[in-house]
Peer 1: 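The structure's right below; bear with me while I get my questions together.
Labels below follow one simple rule: chain letters A, B, ... track the order of the sequence lines, proteins then strands, and each chain is numbered from 1. As the structure is a computational prediction, the values presented were derived from the model and not from experiment.
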There are 2 protein chains.
Amino acid sequence: MLPSSTVENYLKAIYVGEMHLADGQTLVPMGQLAGALGIAPGTATTMVKALFESGLVVYEPYNGVRLTAAGQKLAARVLRRHRLIELFLVQVIGMNWDEVHDDAEQMEHVVSDRFIERIDEMLGQPEVDPHGDPIPTADGRLPHRALETLLTCPLHTPVTVARVTDQDAAFLRFIESNNLKPGQTIEVEARDEVSDSVRLKGHNDERMTIGARAASKLLVTG
Amino acid sequence: MLPSSTVENYLKAIYVGEMHLADGQTLVPMGQLAGALGIAPGTATTMVKALFESGLVVYEPYNGVRLTAAGQKLAARVLRRHRLIELFLVQVIGMNWDEVHDDAEQMEHVVSDRFIERIDEMLGQPEVDPHGDPIPTADGRLPHRALETLLTCPLHTPVTVARVTDQDAAFLRFIESNNLKPGQTIEVEARDEVSDSVRLKGHNDERMTIGARAASKLLVTG
DNA sequence: CGTCACATTTTGATTATTCAAAATTACATC
DNA sequence: GATGTAATTTTGAATAATCAAAATGTGACG
């Protein structure tokens, strides 16, 4: 029985939910899952019980869910497809990075393995998508690089933007128009707790100040 | 209310069904529709009544269905998407023409207008898909070329294959391996009623004999 | 240890799509 | 005009996915 788009979305949401878990935690709370999928909590409970019956998740009532090995394999496959497709839409089709998410969201469930193989080849087996998010490998492994956010990286030191962890189109356009896309080199000049902001020196030594919330979504390498 | 994939498929099937109607006929019989969609006859009846309520089709019980202007517009849009995507998969992704149908069948319902605009542009606003099937224009018009089949074209006269009206993968592979794809020049040497076959002179003067049924699926221009 | 707030689950219902099989209708033929 | 076959419609039911709102469990805190 091949998984429906709905099942694939649940698995993907649990997969990324697990990655955002505070350490110590091993289960994704039902409320968080329902929130991520934009569905009513009761719906999530019903569906997760079905996923449990299929052996795709471990479900502890009132505590949360976690993927089994089988569930993880499927989830990684979907996330791989999503991220490859996003990169493909930007690189080959020429779409902007802020307009590819919805297409990828749909295509990930329907295109053939053949299609995915071909674009993976065309793109040269890429490791990250346009937002810098790592692309799971064909065998389901997710390459992990240790990155710092603009809130934690060293001051007055050139760093390279590696990843932007927010898919919101308006945010992405802001990042792009300020030359803060992955690959660009910047420097943190100061952080201010009180004003909740970070001052940056960017492209062409241009200065700008962004909020801490936004700064936390920009991941960099030294 | 935007149409579901299911509705789009019904409309598309009625649209192509209308094109295959014997002259005089204006309605697609329910049985034919159900057959084309691979669903039970009763299901077609139910759905067509719903399409009628939405104003997308004219439905005459026991006689058949036909698209309204609104239904035609939607159907042409879906068919346009399907054929553009097929060409895109062959031309850009590098898939074989016999393996693109299923992907196109799914993608046609989910990709954005932006995606379609971009590939239309990349492909240079093409008029036909890899099988030679005409691509409806963005405003819903279907360019129509008068073509003859290998059963009706003149004998001993060079003609160019323009269209192959069968999506079956095995048939398409046969056509390809015998150099009978759209664009190739061939000549009909003889037709034989009794043996129900057609003898051709193809690429490099290679001779071959194919059945009348197959010959009727190859459309050519003089 | 009782209570309150909040998260989670349960319940009852709805929508879309489908099927199989029974009932009905249309049409050609006798 | 009766009749039989084939197409079509009706009926009753199933599945997947969802919601709103009621019921229940959990954990924190006084």
Peer 1: Tell me, please, which residues at least two apart from Tyr10(B) pass ring-ring contact (aromatic ring centres under 6.0 Å, His included).
Peer 2: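 Tyr10(B) satisfies ring-ring contact (aromatic ring centres under 6.0 Å, His included) with no residue once adjacent residues are dropped.
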Peer 1: Give me the atom names and distance for the closest heavy-atom approach of Pro143(A) to Ile135(A).
Peer 2: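 Pro143(A) and Ile135(A) have their closest heavy atoms at CD-O, 3.5 Å.
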Peer 1: Mind running a 4.0 Å heavy-atom check of residues 15-52 of chain A against DNA chain C and sending the residues that fall below it, in number order?
Peer 2: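 The answer is Pro29(A), Met30(A), Gly31(A), Pro41(A), Gly42(A), Thr45(A), Lys49(A).
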Peer 1: Would you say Tyr59(A) reaches dT8(C)'s phosphate, i.e. side-chain N/O to OP1/OP2 under 4.0 Å?
Peer 2: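 For Tyr59(A), the contact criterion (side-chain N or O under 4.0 Å from OP1 or OP2 of dT8(C)) is not met.
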Peer 1: Examine distances only and state if a side-chain atom of Ser54(B) and a backbone atom of Leu56(B) form a donor-acceptor pair shorter than 3.5 Å.
Peer 2: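 Absent.
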Peer 1: Return the set of residues passing ring-ring contact (aromatic ring centres under 6.0 Å, His included) with His101(B) (not counting sequence neighbours), or none when no residue passes.
Peer 2: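 ring-ring contact (aromatic ring centres under 6.0 Å, His included) list for His101(B), sorted by chain: His82(B).
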Peer 1: Under 4.0 Å between a side-chain N or O of Thr6(B) and OP1 or OP2 of dT17(C)?
Peer 2: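 Checking dT17(C) against Thr6(B), a side-chain N or O does come within under 4.0 Å of OP1 or OP2.
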Peer 1: Run the salt-bridge test on Arg145(B) and Glu127(B) with the 4.0 Å N-O cut-off and return the result as yes or no.
Peer 2: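 No.
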Peer 1: Using atom names, set out every protein N or O paired with an N or O of nucleotides 22-26 of chain C below 3.5 Å, distance rounded to 0.1 Å.
Peer 2:
from, atom 1, to, atom 2, distance (Å)
dT25(C), O4', Tyr62(B), OH, 3.4

Peer 1: What is the separation between atom CD on Glu53(B) and atom C1' on dA16(C), rounded to the nearest whole Å?
Peer 2: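 Glu53(B) atom CD is separated from dA16(C) atom C1' by 16 Å.
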Peer 1: Quick one: list whatever passes side chain to side chain donor-acceptor pair (under 3.5 Å) with Asn178(B), sequence neighbours left out.
Peer 2: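 Once residues adjacent in sequence are excluded, Asn178(B) has no partner under the side chain to side chain donor-acceptor pair (under 3.5 Å) criterion.
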Peer 1: May I have all residue pairs that pass salt bridge (charged side-chain N to carboxylate O under 4.0 Å, His left out) and include part of residues 110-120 of chain B, sequence neighbours excluded?
Peer 2: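 Pairs touching residues 110-120 of chain B that pass the test: Glu99(A)-Arg114(B), Arg77(B)-Asp113(B), Arg80(B)-Asp120(B), Arg81(B)-Asp113(B), Arg114(B)-Glu117(B), Arg118(B)-Glu121(B).
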Peer 1: Which whole-number value in Å describes the distance from Glu60(A) CD to dT26(D) P?
Peer 2: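 Value for this atom pair: 12 Å.
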Peer 1: Taking the side chain as every heavy atom from C-beta outward, state whether Val161(A) and Leu150(A) have any atom pair closer than 4.5 Å.
Peer 2: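 They are not in contact (no side-chain heavy atoms under 4.5 Å apart), so the answer is no.
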